[in-house]
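Only one structure is covered here, and it is reproduced in the block below.
These numbers come from the heavy atoms of this one structure, side chains and all, not from hydrogens, waters or symmetry mates. Lettering of chains follows the sequences in order, A, B, ..., and the numbering in each one begins at 1.
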Amino acid sequence: MASLNLLVSVCLGYVALLFLVAALAERAAAMGRAQWLRSPLVYTLSLSVYCTGWTFYGAVGYAARSGLEFVTIYIGPTLVMIGWWWGLRKLVRIGRSQRVTSIADLLSSRYGKSNGLAIGVTILCVISVTPYIALQLQSIALSLSVFTEEDATRTMETGAFWAAIGLGIFAILFGTRNLDANERHHGVVIAVALEAVVKLFALIAVGVFVVWGLAGGMGETLARIDVSEIGQWEVHGGRWTAITLLAAAAVICLPRMFQVMVVENEDERHLRVAAWAFPLYLLLMSLFVIPIAVVGLDLMPQGSNPDLFVLSLPLSQGNEGLAMLAFIGGFSSATSMVIVAAMALSIMISNHVVMPIYLSTRSGQGASISGDVRHVVLLSRRIAIAAILVLGYLYYRLSGGGAALAAIGLIAFAGIAQILPALVGGLFWRGATRAGALAGLSLGFAIWVYTLLLPGFGANGLLPASVMEQGPWGIDWLRPYALFGITGMDTIVHSVLWSLSLNTAVFFAVSMMTFPGPVERLQGAQFVNVFDHSFGPRGWSGSVAQSEDLMIMSQRILGPAEAQDLFQREAERQGARGHLPEPTPAFLETLERELSGSVGTATAHAMVGQIVGGSAVSVEDLLAVADESAQMLEYSSRLEEKSAELTRTAAQLREANEKLTQLSVQKDAFLSQVSHELRTPMTSIRAFSEIMRDEDGLSAEEKARYAGVIHDEALRLTRLLDDLLDLSVLESGQVSLDMRSGQLTDVLDQAVAAALAGTTEGMAVHRRGVDEAVALYTDLDRLAQVFINLIANASKYCDAARPELTIRVRNLGDRLAVDFLDNGSGVPVHARALVFEKFARVSGDKAGGAGLGLAICREILERLGGDIHYLNDHSGGAFRVILPKAHAMAAQ
Amino acid sequence: MSRNVLLIEDEPNIIEAIRFLLSRDGWSVHTHANGSDAVAEVARVAPDLLVLDMMLPGRSGMDILRDLRADAATADLPVLMLTARGQTRDRDMAEKAGVSRFMTKPFSNAEVLSAVRELIGEKDAR
């Protein structure tokens, strides 16, 4: 047939059209003018990716072989869309709120972000879907072969090869164009929707041609069906139930279905339209299947492949145009499936297999998410798409095509259906655990592989015939087609029964026996109660009822008064009646900000999200919460430290304050003392000077005496002021020492002479010249001042009848002691502690000192690096001056 | 009739000055220099007026004043208190304790004389 070249050209043209449409849609979406893309109609049409080449061609073949049973393939999805649309809504809601990217991601997310589970589901999907992709390649190749009579095999091989390459390029171009957090691909979706229209139109066109063009009208056709074998309603209960169930499971679990239904969903409300529109589409797709099958069986020669009736019927009638249209319809069915499936699988592979490995090899380098990782993700997806298509092509070539492939659609459905228990359980049962999901999935998958996939390659294919007939190692009840000795069952029914029932049973049993981890528990609650927590299709919104919850939460965090105030103000601003405002986005934002001041941003976001929804709590949120908690713990421990420090500082301050108070009291006392010491001599001076001024009759003797008093008191004042200034200089530390070398004995000579000068009653002074032969290097004048003070004190206060003073020099190792010992009664015991304090005159002191002498001595010796103290073990007055040897040594 | 005045003061020169002043004014002046037995001395001398220094060896003038005021025999005795410390706090305390007149050193002789005369006049007026 010469039209093969034309056919290829039409194919290429059609693909080019798809490219154009997809590119335009992408551009429109990028420019934000894609409103028409977001219509429920496009969504519904994209769901038609369910109808593959297998459905397009195979349904007729199926009907021709098994009668009405093909309807089950359509009944399953219809039941799901109409009867379970609320379940789908939940799935879509979760998918959006959790930003789920694939079915593997959904399960992983539900079961505590378990990547192991995600990898498992990914593997299961790849194994199930690859043969299915091979089936599409076969359908394209097969349909091409119809148009050529010579060398059909070669045509098929080349066709399948180029189809695989072309589809790979398309999927790579539009499926990995960019990275979107939501994994939406407008171009692909719009192309799939267009293909949906094409394949429906093509099938209906063929149907109309067959019914009205070949069979001669509706009545004729119905009559043909009535007499046909396949028209009999021969319902095989087990198979019907099993296949309906599989089809229903497939529409939910198939990666490509999940992609278009959940991941690419723009608006949850689209489901409402799809709930009736998609079943309607399926009905239209199935409307002419039986007529075409019946007419085909009647008109086509015996042995014709009923799978190709859709093409061969128009061709046999010479209607090549219609045949071409039918071919394009089938091509559309196959390509849309391959493109979406490859894309969905590539997302799973890159996200759950490649990226974890890539990131773990780069751990520690702080992988920058924005730059190179993005590149790696896209690259891994492109490679994955290419690999999947290569796998599909190889599978097609190795399996040899033909009959082995025909059953692969149902086999794939059965494999994918293993996901169902974990998925539905995860959506509705909080008790479902990761262990349960893993156990159920693994067991179901294993049974499916053993009872359906491996035997599907035929006897002596992958399983030896002996195993098929006698069971492994001759164990009879383990035969793949007769598990537990149950025989005589359809293989599909048998496998579905065992795999799904054991899968479900193990999933529940293990879930009951294990406990979910914290993340799992939280995710479980998020999934099961998604409608309680999440929001409507767009933006933050909520009801006043949520305001009450928000209020209760805020009160706990902000404190009752502040929270009430905040809500009240907002309610007034909104003009709402009552004290609760509408939870508008603006208010929620404000509230979140307020809360984050107390509990941190992540926690605040998670808490508001818990009540109002919007962004459900993700693992990242949780980690951020944990991080914040850790920071708060650290902060609080720092606070504790601070508070301990403060307590210490406060104690120190209190101490300092006490010292200051003491100092202040001391200062007051000092000033009071100084005042007293100054005023007393001044009183005498004033009194006598007034007497001398005012009194006339004073004798010369009296005048002389009073003048003498005034003179003495003036000297006393001068001494006092000298002492005060001396002490003040010494205490301030601003004294400049005049360090000189000298002999101790010379200093003592000088001091004794100065102290005793002018004293009438002589005091005997005993010294030992040998001991005093010590060289000094110190301020000799200051030291003499100390000695004078001590000697004068002894001379003043010694109350012995014959006062004696002994000056004794002792060597104390590194220090030198000079003792001044008199034979009087000494300083009373109670006064000894105070004797060196300022103004600390021993009571009864009438010697006229201001009480600063010893205080000055102590200050001087402190400056000279020595000390002075009272010797308690001596009966008389006893002062010891200690000089550091360092000064003595320095002189030598 | 010569009036008795008792001067309790420990500073010899001040004693001499006051004795001179009051003797000239016609007073019979008794002196005492110790605080510890001052109350007994007041009882013994039974003066018409007491000049009392605040800072005394043995016992403070303030305590002596309180004791005197607590005793019915000396409750009304005019007391002129002298102090060299000159703090208002001392004045307040003395007035509370029942001092008749409070004077800060150094004083003018005229002040002392007029104060003594006034106190005696007041006593006589009663």
Side-chain angles (χ1 to χ4, degrees), chain A residues 664-665 667-699 701-717 720 797 828 830-831 839-851, chain B residues 7 9-26 29 31-38 51-63 80-93 102-116:
Chain A
S664 161
V665 168
K667 194 195 75 187
D668 284 355
F670 178 75
L671 281 176
S672 177
Q673 288 277 7
V674 169
S675 164
H676 182 262
E677 297 304 322
L678 287 171
R679 282 167 191 269
T680 300
M682 279 164 65
T683 307
S684 303
I685 292 169
R686 184 173 181 183
F688 282 109
S689 58
E690 282 186 13
I691 287 171
M692 291 177 77
R693 184 191 66 193
D694 300 337
E695 304 293 334
D696 299 328
L698 291 179
S699 65
E701 196 180 307
E702 278 174 320
K703 278 183 185 167
R705 181 173 154 64
Y706 295 159
V709 169
I710 291 171
H711 179 254
D712 287 351
E713 293 290 1
L715 287 183
R716 184 175 155 193
L717 268 178
L720 177 68
Y797 300 114
H830 65 86
F839 304 110
R841 278 177 306 185
V842 177
S843 60
D845 174 11
K846 282 290 162 290
Chain B
L7 169 62
E9 166 67 69
D10 61 335
E11 194 67 30
N13 290 335
I14 296 177
I15 293 171
E16 191 172 350
I18 292 175
R19 182 203 291 279
F20 178 91
L21 282 174
L22 294 184
S23 303
R24 278 293 192 86
D25 207 39
V29 181
T31 64
H32 187 76
N34 201 326
S36 45
D37 51 357
V51 180
L52 180 63
D53 187 23
M54 192 140 95
M55 276 177 73
L56 291 166
R59 196 148 186 246
S60 87
M62 203 71 80
D63 290 346
L80 170 60
M81 189 173 255
L82 305 173
T83 179
R85 293 211 308 205
Q87 288 176 333
T88 46
R89 198 157 49 95
D90 292 336
R91 180 185 289 271
D92 294 346
M93 274 171 70
F102 189 88
M103 207 172 275
T104 309
K105 293 173 180 176
F107 44 78
S108 83
N109 295 350
E111 269 179 335
V112 175
L113 277 179
S114 70
V116 168

Quiz item: Should A:Glu713 and B:Asn13 count as side-chain neighbours, where that means a heavy-atom distance under 4.5 Å?
Solution: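 Result yes, sub-4.5 Å side-chain heavy-atom pair found.
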Quiz prompt | Per-residue contact mode, B:Leu21 against chain A (heavy atom under 4.5 angstrom) | solution =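 When you check distances to chain A, only side chain atoms of B:Leu21 fall under 4.5 Å.
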Quiz item: Is it the backbone or the side chain of A:Arg693 that comes under 4.5 Å from a heavy atom of chain B, or both, or neither?
Solution: neither
Can you name the nearest heavy-atom pair linking [X] to [Y], along with the distance?
X: A:Ser684; Y: B:Ile14; result: OG-CG1, 3.3 Å
X: B:Glu16; Y: A:Tyr706; result: OE2-CE2, 3.5 Å
X: A:Glu690; Y: B:Phe107; result: OE2-O, 4.4 Å
X: B:Ala84; Y: A:Thr680; result: CB-OG1, 3.8 Å

Self-check item: Value rounded to 0.5 Å, distance of CD in A:Glu695 from CZ in B:Phe20
Solution: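 Answer rounded to 0.5 Å: 4.5 Å.
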Practice problem: Using a strict 4.0 Å threshold on nitrogen-to-oxygen distance, state whether A:Arg716 and B:Glu11 make a salt bridge. | Solution: yes
Quiz prompt | Among the listed options A:Ile685, A:Ile691, A:Val674, the residue most often paired with chain B at heavy-atom distances under 4.5 Å | solution = A:Ile691
